[in-house]
Each structure stands twice: as C-alpha cells, then as structure tokens.
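Structure first, then comments.
Bear in mind the structure is a predicted one, so any value in this text is a computation, not a measurement. Both ligands and their constituent atoms are indexed starting at 1 by order of listing.
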Amino acid sequence: MKKILFAASECTPFVKTGGLADVVGSLPQALMEEKLAEVRVILPFYNEIPSEWKEKMERIASYNVKIGWRDQQATLFTLKDQEIVYYFIANDYYFTRQGTYGYYDDGERFVFFSQAVMKAFNHFDFIPDVLHGHDWQTGLAVAFAKVSPPIANLKTVFTIHNIKYQGKMPHQAFDDLFNLPLEHFSGFEWDGMINCMKSGLFHADKITTVSPSYAEEIKNPYFSEGLHSVLYNREQDLSGVINGVNTNDYNPSIDPHIAVNYSHSRVKKKDNKEVIQKEFNLSINRDVPLYVVISRLVEQKGFHLLEHIADEFLQHDVQLIILGTGDHEFEHSFSHIALRHSDKMVTLLKFDEGLARQLYAAADFFIMPSMFEPCGLSQLIALQYKTVPIVRETGGLKDTVQPFNAITGKGNGFSFTDYNAHDFLSTLNLSFEIYHDSESWKRLVKNVNKSQFGWKESAKAYTDIYESFNDAVTHEE
Ligand code: ADP
C-alpha cells in the first residue's frame, strides 16, 4: 500500500470555501477505508479553524523557513480524526488573518506554505511515496519537491480542481521569495509572471483533473485560461477522475441538520420543503416546485443567465431560493429580483453549511447553469438528497447529469448545451412541466434515487495512478 501525503489549502471539517474542501476531506477516507493507500493530509493552520479542532492538535515541531532573505517560523501541529493523520502549518504572519484567501500576498503565503511542507518531511513519522498537491496553492510544493526533493524517490501528483485560479505573482517573486538557482525560472514562469498552477503542471509526475470532460476541455484555449500549451505538452500524463462525495456525510437519512430525515420518501422530503417555506415566509404549498441555488455567486457559475430569465421564470407558480456569497453584482441583482417577487423568491447572502443541507433536502430542483465546471460537487450533493439537478452540459456536469427523456424514461436531471439564456429558460420550463406530469416525474425521481456518486471507483483510479510509479519512467523536465 502506497503512502500518500495530500497537500491542500482547504479540507472539511476544518475549513471550507468550496468543493476542494469536500474532496480533500473525503477522498483520503475512501482510500483508507478500502485499504487502497495510507493517506495523510497537510494544511495551513488558519485562524478560522474551529476551536474544537484546535484544542485537539498537538505541536510536533517549530522550524525556520527561508522566504528570500527573511526567516519565517513554521510550527507543525497534528491531530488524528477518523483514522486520518492531519498536519497543520502555523505562522502568525501568514495565517492568522480572517478567512482563507483574497489577500494581496496570497502568492507569498503559499510560497511559505509550500516551503514549510518541504521542511515538514523532517518531522514526519512516515515516509510518503507520493506528494499529491491540489490546485494552485500547492503547485509550488509539487514543484519544489521536484527541484530539490525533501526525500529520495518522492513522486508527485498534481490535481487541477479549477484552472481559472492560478496564483500569479510578478516575476520578481522568483528572486525575492524562492531561493532557487535561476536555471529553474522557466519552470515557474508563464506569460511574464510566476504562476503557481503552471509550476505544478510543469513539474508533477502525473496530472489529474476532476472529470474526464474537463481533462479534454482544458487542452482547448476556451477553457485553459492560457495554459493549454502547457497541458498539451503534458498530455501523456494528464487524466480525468470524476469526484465523488462522502455518502456517509451527505446522507439525508441521518443528516442531523435537516428537519425530517428520509431516504426515498417524497412525503418526508416535502416535510422539509414546508419547514423551509415557513422559515423564509414563502407561501406554504407542498406542491409548488422549489428550485434552489447553493453556490459561490461568481460568473463561472452561469448567473448571468439566471439574472436574465429569473423574472420570466418566476411568472410560473414556482419558488426560488438562492444561498451564496460572491461578486457584488450578483449579490445585488439577486437581492433585487427577490424584492420584486417577495412571495416566491428569497436571496440569502451567506455561507452556511447547515442551511445548505436543509435546502438540498427541501428542494425539488437544484440549478447550476455553469459556464464551465471542472467537476461540480453541488449537483452530486443534490442527487444525494434526491433533488433533481438542472445544469449546463460542461465539464463534470456533463459527466454526471444525463438529461431526462420522457419517451425513453432515461436521465437523472435536465441540461442544455449552449450558454444561452433562452435555452436555459426552456430547460427550466421543461422541468416545471415534468414536475406536473406525474408519470414522467415518478420515472425521473426513480432515476435520481438510483444515481450513485460515492468514491469507490474514483478512489481506485487514483490508486492506479499512485501504483503506476512502481516501474514507470519519471517525467523528465
Ligand atoms: P466550487 O468548488 O466551484 O465552489 P462545487 O460545486 O464543486 O463548486 O462545490 C461547492 C461546495 O460548496 C458544495 O459543497 C456546496 O454545497 C458548498 N457551498 C457553496 N456555497 C455555499 C453557501 N453559500 N453555503 C454553504 N455551502 C455552500
């Protein structure tokens, strides 16, 4: 069994801003439970980690990390939860701020984290075979591991969860922060900037991304955010592995956050809908279809389409709840649309895990018309709660949601192809019609109930990648 060290910037249950945290929180468990690999996880010690977790941590070591000419102190903590050993790297200057990212020096913060991960190898009581980095925040860790390996024979895997976010810094950062010989500059630079995502892609032994469709899409300039030629060069080492969800955690039959637990009962699901209608002053009617959005409110998620057609769609006897935070433009416009339709629509501008689960449980439909979507976990969580996803056919959405066809009776959701508001509206209208056509609806619900997105197969696919290093030829720079 291989020993794997995951390095990441977020992980449930400690800190979460999106799907990355769900994946880093659940894939190691799946690998461990199936005895496919021994996994440990290393994370930044953010201030916002709840104190119940901080209290359980033990300090292992403190050591210096050189960031250019400066010494920064890293303190390594650990805790064990559900058989998984987690490590946390603390530093007062970089990680005692509010929240996770969004600071002017995010690049530097993850230079520090990545260097601190390299030095943490001196203090582990296990010897990883593979360092598995996730997204730009750990691209540098993967790169440093290649350029000056912390231990012999360490292999690296780098997973792209979203290529849009790359961690770019002015090129002077190489001299100022990296303490590396100039010959390595080109492996870290892209388009005149230091680019953490590119650094990971260039140096990793294997690259994965979170769905087969996205693995194809990102070789194309429309999706690659400028990195297609880097990916094209690494094509042989790139594969797509679809994300799973933790089916023990996202489980409506035991989820403590929801009002009425259920497995397949639509009656009990409607009990949850009624609770939400009461809570948010919507008219109480169990038979009105409830549509929800639970998302970061950013352009990627296709909200320009929803902005365009919301007024028209709300002419139907439907209800719509939006839970999310993000760009001011969307927060503002969705709040305004909700004011115009106060009996039918509510906009809740916050990040609230418990409420999100109540909404997944209460809803009939989950809306996700993304412009692009590497995998998307929300539609998978919706399916776990027997809620019908309505998505645009892109990336992982295309790989997990099949459009319902009333004639063949196949499909577990609704989808549309072009990024076009009227196609989206027609798809919403179709969902409304099917909801009121009891035969079709019954059939659709049956398909939704059968949809399974646990980790079993994908965990096996990751193991195949880890095991492939046994006698593989390592990527040459
Ligand atoms: P992304 O990682 O691009 O944000 P995903 O669909 O992969 O999108 O994952 C989003 C995760 O974040 C899901 O677990 C979703 O339920 C959760 N989430 C998004 N917005 C909120 C919110 N406002 N409150 C609670 N959970 C949220």
Side-chain angles (χ1 to χ4, degrees), residues 8-27 48 99-102 134-137 159-165 209-211 213-214 218 223 225 240-247 249-252 255 257-258 276 280 292-303 306 321-327 330-331 334-335 346-363 366-385 387 389-392 394-401 413 453 455 458:
S9 57
E10 50 183 282
C11 172
T12 57
F14 310 109
V15 62
K16 167 169 169 175
T17 70
L20 172 63
D22 286 314
V23 173
V24 179
S26 59
L27 174 57
E48 78 165 47
T100 44
Y101 331 117
H134 296 265
D135 260 355
W136 77 261
Q137 294 89 345
T159 297
I160 307 164
H161 294 260
N162 193 337
I163 206 163
K164 187 173 175 65
Y165 305 100
T209 188
V210 288
S211 69
S213 288
Y214 195 60
I218 53 179
F223 291 97
E225 303 285 340
V241 181
I242 197 85
N243 283 335
V245 288
N246 181 341
T247 50
D249 181 24
Y250 289 118
N251 180 348
D255 188 336
H257 296 92
I258 68 178
I276 288 292
F280 295 107
V292 302
V293 169
I294 300 163
S295 181
R296 293 184 292 124
L297 299 181
V298 294
E299 191 184 22
Q300 173 201 335
K301 301 292 178 178
F303 293 127
L306 188 57
I321 301 182
I322 295 180
L323 170 65
T325 55
D327 293 352
F330 296 120
E331 293 193 349
F334 289 137
S335 302
V346 180
T347 299
L348 304 160
L349 300 178
K350 55 182 169 174
F351 190 98
D352 183 335
E353 177 76 26
L355 179 55
R357 288 162 182 259
Q358 290 163 30
L359 293 176
Y360 283 118
F366 184 81
I367 302 179
M368 199 168 175
S370 304
M371 265 174 124
F372 69 91
E373 195 59 68
C375 177
L377 285 182
S378 314
Q379 85 281 11
L380 305 183
I381 300 169
L383 285 164
Q384 283 295 118
Y385 288 77
T387 299
I390 301 175
V391 304
R392 179 161 169 267
T394 182
L397 296 175
K398 187 158 79 181
D399 294 345
T400 55
V401 177
F453 289 98
W455 270 112
S458 298

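Contacts between N243 and ligand 1 below 4.0 angstrom, taking non-hydrogen atoms only, are absent altogether. Looking at Y165 against ligand 1, nothing comes within 4.0 Å, counting heavy atoms. When heavy-atom distances to ligand 1 are checked against a 4.0 Å cut-off, L377 comes that close through both its backbone and its side chain. The proximity of K16 to ligand 1, defined as any non-hydrogen pair under 4.0 Å, is limited to the side chain. Heavy atoms of S295 found under 4.0 angstrom from ligand 1 belong exclusively to the backbone.
Comparing V293, L297, D352 against atom 25 (C) of ligand 1, the shortest heavy-atom distance belongs to D352. The residue among E373, R296, K301 with a heavy atom at the shortest distance from atom 8 (O) of ligand 1 is K301.
Between Y385 and F366, the ring centre distance reaches or exceeds 6.0 Å.
Between F303 and V298, the closest heavy-atom pair is CD1-O, 3.5 Å. Between R296 and K301, the shortest heavy-atom distance links the atoms O-CG, 3.5 Å. When all heavy atoms of T325 and E331 are compared, the pair lying nearest together is CA-OE2, 3.4 Å.
Each of the following atoms of ligand 1 lies closer than 4.0 Å to a heavy atom of G324: 23 (N). The distance from ligand 1 to the heavy atoms of I381 drops below 4.0 Å at these ligand atoms: 13 (C), 14 (O). Listed by atom number, the atoms of ligand 1 under 4.0 Å from A356 heavy atoms are 25 (C), 26 (N). Close contacts between ligand 1 and Y250 involve ligand atoms 14 (O) [criterion: under 4.0 Å to a heavy atom]. Atoms of ligand 1 found under 4.0 Å from any heavy atom of G376 (numbered from 1 in listed order, with element): 6 (O), 7 (O). When each atom of ligand 1 is checked for a heavy atom of D22 under 4.0 Å away, the hits are 11 (C), 13 (C), 14 (O).
For atom 18 (N) of ligand 1, the closest non-hydrogen atom on the protein side is F351 CE1, 3.8 Å. The protein atom (non-hydrogen) at minimum distance from atom 2 (O) of ligand 1 is G19 N, 2.6 Å. In terms of protein heavy atoms, atom 15 (C) of ligand 1 is closest to Y360 OH, 3.4 Å. Atom 6 (O) of ligand 1 has S378 OG, 2.6 Å as its closest protein atom, hydrogens excluded (heavy atom only).
Within the structure, the closest approach of F372 to ligand 1 does not fall below 4.0 Å when heavy atoms are considered. Contact analysis puts K350 in contact with ligand 1, with a non-hydrogen atom separation below 4.0 angstrom.
In summary, D249 and R357 engage in a salt bridge, as defined by a charged side-chain N under 4.0 Å from a carboxylate O.
Of the polar atoms of T17, none of the N or O atoms is found under 3.5 Å from an N or O of ligand 1, judged by distance alone.
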